[in-house]
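Chain letters run A, B, ... following the sequence lines, proteins first and then strands; every chain starts at 1.
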Amino acid sequence: LKTLLIRILKLLSSMRTGIALFCILLAASLAGSLLPFSVSHRWIYGSVWFNAILFLIGLSTLSCLIARFPVRKGKIPGFLLHLGIPLLVAGFIQYNLFSTTGTVPFSAGESSRTAVKASHGEMNLPFTLKLEKFITETNPVSISQFLEIRHARRVTRHAFAGPTNIFFAGGEVSILNILRDFRILDGRQITDVSTNWNNPGIRIRTSTNVGWLFALYPQYSTMKNSGGTSFSYKFRRTGGSIARFASTVRVTPDGKDPFTAVIEVNKPLRIGGYTVYQYSYDVNKPDWTELMVRKESGNLLILAGFLLICVGLFSLLFVKTILAKDQQ
Amino acid sequence: MPFAPFFNIGLAVFLLSTFLSLAGILSRRKILRTIATVLLFAGTASLTAGFILLGLAAGRIPFANTYETLMLFTWLSSVFFLFLIPRDGQGYLRLLFAFLLSLALAASSLIDAHPQPLVPALKSNWLFFHVLLCFVAYAAFFISFIAGLLFLIGGEKIRMDLDKLSYKNILFGFPFLTAGIISGSIWAKQAWGTYWNWDPKETWSLVLWLIYLIYLHLRTGRGWKGKGPAWISVLGFAAVLFTYFGVNYLLPSLHSYR
């Protein structure tokens, strides 16, 4: 048995095994990234064989550490780096096997002390969450409009915000009207149907003609006068995207005083071994949101693994180089 | 003050440096190579000014979208390259570097340069560390790629240890890539609740990490040298490009910040 164990240790700790495992992981990851999300999660990343590869990488690195024990002073950075890998693998195994996740979908004024698990069960929480309000903030919309004039092979851009006269090398052009949401009603009446910039249109008068230009329709955005000068309407909208979404919740832990917390992306709430994240919202239901609750395990091992890998790598890079220079 | 003219000046200067480097190699005139070098310094200064102005125009650290990070990449690469100039006696590295950087700057004109407000997920102090660490690594891998490529096409004509240069840049970039992935993982946990979700960007970062990990193991453990490692440095940078651009534009990802 001892001989067999030594053989297994030798096999696992060999660089050839390590590189073979890395190559398999690389090929599988590459294939998984090109497949649809649901397929790759089911058949690759969530599969037993893939997780066995990850486990074997952890075991192989651990075997390397055992085989090279005790560690000489100069090899400490490398030892720390490699020790980080099995810690990380152990941490992720613990994290995936023993963490529980659920979601709490509710509207303002509603309370919940359970979370819905993805596996159709329920997760009892040691606290009650009451959604006091849910807010979304948007970035201000900024509109920029330009008239691009191409005259005698030169292109000039002129910004405008309202009706105006623009002078260029070939003469003058007037912007007579600006409509944000252009529409023709009853086949003849031109009107602005809303204040939103859904179909921006401008009416211009050049030296030879008058007409409408529409920024969002390339085939109708340019006009030429009889002298060959062309006038193009350019429109740019920036902002208007979601800047922030946040839930204000009243949290009542079992047997403790209630308190109010604001949960948003990058600012989860940590309470009694649970973490509550801002998860999603619905643009059509302004006071509805969904929070995600996780009871986590393995964080300590994962963070220790991360720390050791970073310390080991940077020590290898900088400290060893400096020491080598000193010795020289 | 607008930032774009500084990047355009940078492009013009790097292009000029490319032509002068080529002329210097062909004519064997040292003065041309010296002017090409001075232009590299001028180009880097112009990129530095442009990048600072880009940050001022955005009103934040300009690390949030493809244009901003491409500018970060070109700036970091040009700064790193300045340290290599004394070793590049014949000017081949300068030629290839200036040419490729000009291409990158020219490509930036195809991308929307207008600074956009940050999406909620990016509003975090991790943005600075994560992006900076990753792009320090990408810039080092870029230099390694140039050395590898030159090794493959130039062979023994070039009197400098390109193999070692390529290796040293991978050795330098790898800890930064690792720390970049780790910082991203910790940030993902804070923002989305999981360290790792096998999102295409995450997966390709792992692919990238594994390529360079295999390289370093073969190099340090087996003394692997020559054409093989040069090919890996080229392949590794192709993976960098796919992780950076390919995933943004071709694969559905949580990280598609265009």
Worksheet item: At their closest point, which heavy atom of A/Cys310 faces which heavy atom of B/Ile182, and how far apart are they?
Response: SG-CD1, 3.7 Å
Item to complete: Below 4.5 Å from any heavy atom of chain A, which atoms of B/Ile181 appear? Answer side chain, backbone, both or neither.
Response: neither
Discussion item. Between A/Leu25 and chain B, with a heavy-atom cut-off of 4.5 Å, which part of the residue counts as in contact: side chain, backbone, both or neither?
Written reply: both
Worksheet, complete the sentence: Heaviest contributor of heavy-atom pairs below 4.5 Å to chain A, chosen from B/Ile214, B/Leu213, B/Thr194, B/Leu210, is B/Leu210
Discussion item. Quick check on A/Tyr279 against chain B: is it the side chain, the backbone, both or neither that has a heavy atom closer than 4.5 Å?
Written reply: neither
Worksheet entry | Flag for A/Arg294-A/Thr275: side-chain donor and acceptor within less than 3.5 Å | no
Worksheet item: If you count heavy-atom pairs under 4.5 Å with chain B, which of A/Leu313, A/Leu30, A/Val265, A/Asn266 comes out on top?
Response: A/Asn266
Worksheet entry | Under 4.5 Å from a heavy atom of chain B, the part of A/Ile309 involved | side chain
Worksheet item: Heavy-atom distance under 4.5 Å to chain B: side chain of A/Glu296, backbone, both or neither?
Response: side chain
Fill in: No-hydrogen, no-angle side-chain donor-acceptor test under 3.5 Å, A/Trp49 and A/Ser47
yes
Worksheet item: Does the cation-pi check pass for B/Lys189 over B/Tyr195, that is, NZ or CZ under 6.0 Å from the six-membered ring centre and within 45° of its axis?
Response: yes
Worksheet entry | Part of A/Ile44 within contact of chain B (heavy atom distance under 4.5 Å) | neither
Worksheet item: Cut-off 3.5 Å, side chains only: do B/Ser166 and B/Ser144 have a donor facing an acceptor?
Response: yes
Discussion item. If I measure from the heavy atoms of chain A, does B/Ser185 come under 4.5 Å with its side chain, its backbone, both, or neither?
Written reply: side chain
Worksheet item: Between the side chains of A/Ser247 and A/Glu264, is a donor N or O closer than 3.5 angstrom to an acceptor N or O?
Response: no
Worksheet item: What class does the angle between the rings of B/Phe176 and B/Phe172 fall in, given that below 30° is parallel, 30 to 60° is tilted and above 60° is perpendicular?
Response: tilted
Worksheet entry | Interface moiety of A/Tyr277 toward chain B, non-hydrogen atoms closer than 4.5 Å | side chain
Discussion item. Checking side-chain polar atoms at under 3.5 Å, does A/Thr17 have a donor or acceptor matched by the opposite partner on A/Ser14?
Written reply: yes
Worksheet item: Is chain A contacted by the side chain of B/Trp204, its backbone, both, or neither, given a heavy-atom distance below 4.5 Å?
Response: side chain
Practice prompt. Report the option among A/Gly312, A/Ala243, A/Pro268 that has the most heavy-atom pairs separated by less than 4.5 Å from atoms of chain B.
Written response: A/Ala243
Fill in: Top of A/Leu303, A/Asn139, A/Leu81 for chain B proximity - count of heavy-atom pairs under 4.5 angstrom
A/Asn139
Discussion item. Less than 4.0 angstrom from a charged side-chain N to a carboxylate O is my criterion; do B/Asp112 and A/Arg236 meet it?
Written reply: no
Item to complete: Among B/Ala191, B/Gly221, B/Ala179, single out the residue with the greatest number of heavy-atom pairs under 4.5 Å to chain A.
Response: B/Ala191
